[in-house]
Amino acid sequence: MKSPWSRLKSWIRSVSRGKRLEADMEAEIRFHLEARAADLVREGLGPSEAMRQARLEFGTVAAHKDAMRSSLGLRWWDQLGEDLRYGFRILRKSPGFTSIAVASLALAIGANTTIFSVANEMLLENLGVPHPGQLRLLTMGGDAKVVIHMIWGDADQLPDPQHQNQLVRYDGFTYPVYQQLRANNHVLQDLFAFKSLGRVNVTVNGAAQTADAQLVSGNFYQQMQVQPVLGRSILPSDDGAPGSGTVAVISDGFWSRAFGRSPAVLGKVIDVDMTPVTIVGVNSRSFSGAESVQQSPDLFMPLSTMPLFRAPFGDSKPVLASTQLYWLQVMARARPGLSDEQARASLDVALEAAVRATTTIKKGDTLPHIRVESGSKGLNYIAHQYAKPLYVLLVMVGAVLLMACANMANLMLARSSARQREMSVRLALGAGRSRVLRQVLTESLLLSFMGGIIGLLLGYLCRSALPHLIAKAWDYSDMEVPFNWKVFTFTATITIGTGILFGILPAWAATRAEIGTALKQSAQTASRRRRAWNGKGIVAFQIGVSTVLVIAAWLFLRTLINLNSVDPGFAVDHLVLFEIDAPSLRYPAPKDVAMHARLEEALSAVPGVEGVTASDAPLLVGMQMITGFHVEGTPEVELSPSPEDMNKFPRAADVGTDFISVMKIPMVAGRAFTRQDTETSAKVAIINQALAKRFFPHQNPIGKRFSAGPTAKDTKWIEIVGVCADTRYDALRNNPPPMHFGLYRQQPEMGGLTYIVRTPMKAEAIVPSLRAAVQRIDSNLPLLDLRTQRQQIDDDLQQERIFASLSTGFGLLALALACVGIYGIMAYTVAQRTNEIGIRLALGARRGQVRGMVLRESGWLAVAGVAVGILVALGLGRLVESLLYGVKATDPLSVLGASLLLLAVALSSGWIPARRASRLEPMDALRHE
Amino acid sequence: MAKQVDLMQGTLEMLILKAVSLGKLHGYGVLLRIQQISGEQLVIQQGSLYPALYRLEHEGAIKSEWGESENNRRAKYYSLTAAGRKQLADETEKWNRMAGIIGSILQLTTAENKS
């Protein structure tokens, strides 16, 4: 029977042993001829006559060999080989065309794969747990009068324009409220809770390092429905009495980093902020906890360990017992059959009861309301932070994809028109239509695959580069973007599909025409007009897209330049920054303040140090500390966490004595801090000019007193002793806010401080002696986040730099493609109109007129494209407005500049064809075919 | 010598199968055997024998191996596979039925013409 299996085997054998097969066929035929000749000799013919006769009887050897090959199913294989050889030859003959097509494809595919993979990972990926869609995050919304006064977590303004009272979203609950909610919840599955401790100091085998720690409720793993790959998870029995349950499950990343993936990690005891903790399990690689999809905490420990890591703060009750501090993040899985609205309504009642039961509600206080949000992506900080820049990048990279598609279409169109006659000849010589189409298809595919493979490499290599660009240079980051095959397939399909479509369509049309007409048709006849117009449409489109990209590049470059030329208000060079945390259990207030003072002293004695100071809110690190501001003798204003209040009140920092001189901030009036300002002397402050202007217009602020607490009653008055010049505060892009500096020595507590060391030495050179000085005070204190102020500023400008470089790159790429497009279409038009131009010249047209005619045509193309581009750019402007600095999205100069640039590019790429047209000799042109 | 006839379309493969069913043969041997059995009445395009042989081998009806010929030359020998034997039986049966049907139809037509 004709089994497909035996055919396949035979086919593979034939293909894989091409040379052998050829030799075998040769030998078999030779044997036949010789055997026949021998028989003929036996019948009486002469040897040479016999051989001739044998050959005659056999027939054409080559034709039979071909038939034998096609018997083996090798026909299309052979033809493919021919097509490929021919295709390669054609592509090699026009290296310019080939490299442009391949490069634009590769760049578009690579860039799109990269950006879309990153966006997918950051915006769309769910937590690595079973059924992440069931997860719900519980938060609260409260108005300005809400009973929540103390939070450890996030408070964001809710987008709710029609509301009179601005609503604020709080993402944390008090522990007692959580417990009551959990007990009274019948609408979601069991509630579970977690809280990031942030960075902790961990000692593994005597070596100190930092790790991210998270505390989770005992039912966390049950409800997340995940099991560790090694050991056990945290169990309800671990989360018992406060202070108990010192066990940890570690992440896959931390397992690799600190233990080299050794299975002996189970049962190991490590010191976490000086508390011994036993490792009981290792998480799988895909599980990143409940907070973020991208990055997993290193350690998961039961909530019951909270008192071991955090001293009481706020209302001086332990964190777990506090009824004032809202801090605990709560999630749950949805119950099948119950809508979120039903759950919300029921939980809202439970929340009200819980808050009333645990807090005394003063007159005028309002109660928060529960919100049931999607928890499939955890708290989703990354999406909040990067959604907008990513969308802008997606638009830009999408534009590049469009450009590459247009370019591919354009190139293929121009090529197939140029090859129309070749196709007609092939058809006339008897090639089947499908055979000709296959040849064209092979060529398109060849180009596409070359582009696709390079694009694949680019995308693969770049996919992790972007998150690394975003990450801080001095910080450890294990965020990994998996290569996204879906995205790659999508972009590759679009670009390659375009290439194939625009390669095959004209060929299809060409092969449909009567053979004769195409052969007879020469440059004199019409019918090219519409095709040329198609090409021009594509070119105008390319110019439009380029305009958008060039305007974007212009805006982002100006933003970066503007930011770089911002004067931060202090001398940023030769500053080394690092943090020292005073763990609250080892250094309970006010021991921490004393320790910092001792450290400051010790560091300033290190050789090579010009000056040392410290701050709890260092400049330009993206950190803001907002205080109340109540001037003595004026009516008191209470500070609430609503964003509106946040903008009214001044920023602050608690600094070391020498802050002003070390940072080289000019003093405007009064005095700087001195050694006479101590813990026991009167509290003093230095304000900046912006604060003086806002709160003391036309007055001398020196000697005035204010209080900075959230409520004015219980704070001591602080005396203003000096006014300094304005400095940028949290970031370069924000104008100097009103701010006041206090002395950290005069604060009751001061957990962690950022130290600022001014030194003429290189950072690497001085760090060892700084570290030694710190170790002499306390050998358990690591220097964290070591960097220079310059690095810090570079990090602050990271996003702007990425935008500027990517958009410039995309803009240049687009310009280059547009250039090629215009040149191609004009050169093609000129070639097609050679006869017509010859006639014009013969009839007396001046060469300048001919040149002008061609240039005018490319000029109109450009004008049309630019006009459309500007409209689109203005439309998209709103999207980028918040990403710009010192320049408006509708900045006329940028728009004008980009338009002029594109017009210039269009005219100069039209120049060569125009000159060629004007230099035609009329007689040659008329004879031109 | 009897009058030679051209081979009917599609029958060459059946003849090849029959020829090799009687024993291992090289290509030239297949040609000789068919001519010999047919009493030199069939004309076979010698060259077209090989594409047919390759097709049969490709389909798994025959298999080939290299061996020594009568005069000590290297030659490729074909023999029937189990699948080929079944194919031959099927095609022989089909041929016989076809020949019978066509034969009776032709006879009938002649009879009608006579009357």
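The chains referred to below are lettered A, B, ... by the order of the sequence lines, with proteins before strands, and numbering in each begins at 1. For clarity, every value in this text was computed on a predicted model and none was experimentally measured.
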CZ (A:Phe31) and NZ (B:Lys76) are apart, to the nearest 0.5 Å, by 12.5 Å

Between A:Asp24 and chain B, which part of the residue has a heavy atom less than 4.5 Å away: side chain, backbone, both or neither?
both

Do A:His64 and B:Gln45 come close enough that some side-chain heavy atom pair is under 4.5 Å?
yes

Parallel, tilted or perpendicular: which describes the rings of B:Tyr28 and A:His32, with under 30° parallel and over 60° perpendicular?
perpendicular

Neighbour count >12 (heavy atoms, 6.0 Å) for atom OH, B:Tyr77
yes

Heavy-atom nearest pair, A:Phe58 first then B:Gln46, reads CA-CB, 3.9 Å

With chain A, which of B:Gly27, B:Ser69, B:Pro51, B:Ala75 has the greatest number of heavy-atom pairs at distances under 4.5 Å?
B:Pro51

For A:Arg20, is the CZ atom crowded, meaning more than 12 foreign heavy atoms sit under 6.0 Å from it?
no

When you look at CZ of A:Arg55, are more than 12 heavy atoms from neighbouring residues, nucleotides or ligands closer to it than 6.0 Å?
no

If you measure from OH on B:Tyr50 to CE on A:Met68, what distance do you get to the nearest 0.5 Å?
7.5 Å

Which one wins on heavy-atom pair count under 4.5 Å against chain B: A:Ser71, A:Gly59, A:Ala27?
A:Ser71

Closest heavy-atom pair, A:Glu28 versus B:Trp66, reported as atoms and distance to 0.1 Å, is N-CH2, 4.1 Å

Spatial distance of atom CZ (B:Arg73) from atom CZ (A:Arg30) [nearest 0.5 Å]
7.5 Å

Below 4.5 Å from any heavy atom of chain A, which atoms of B:Leu31 appear? Answer side chain, backbone, both or neither.
side chain

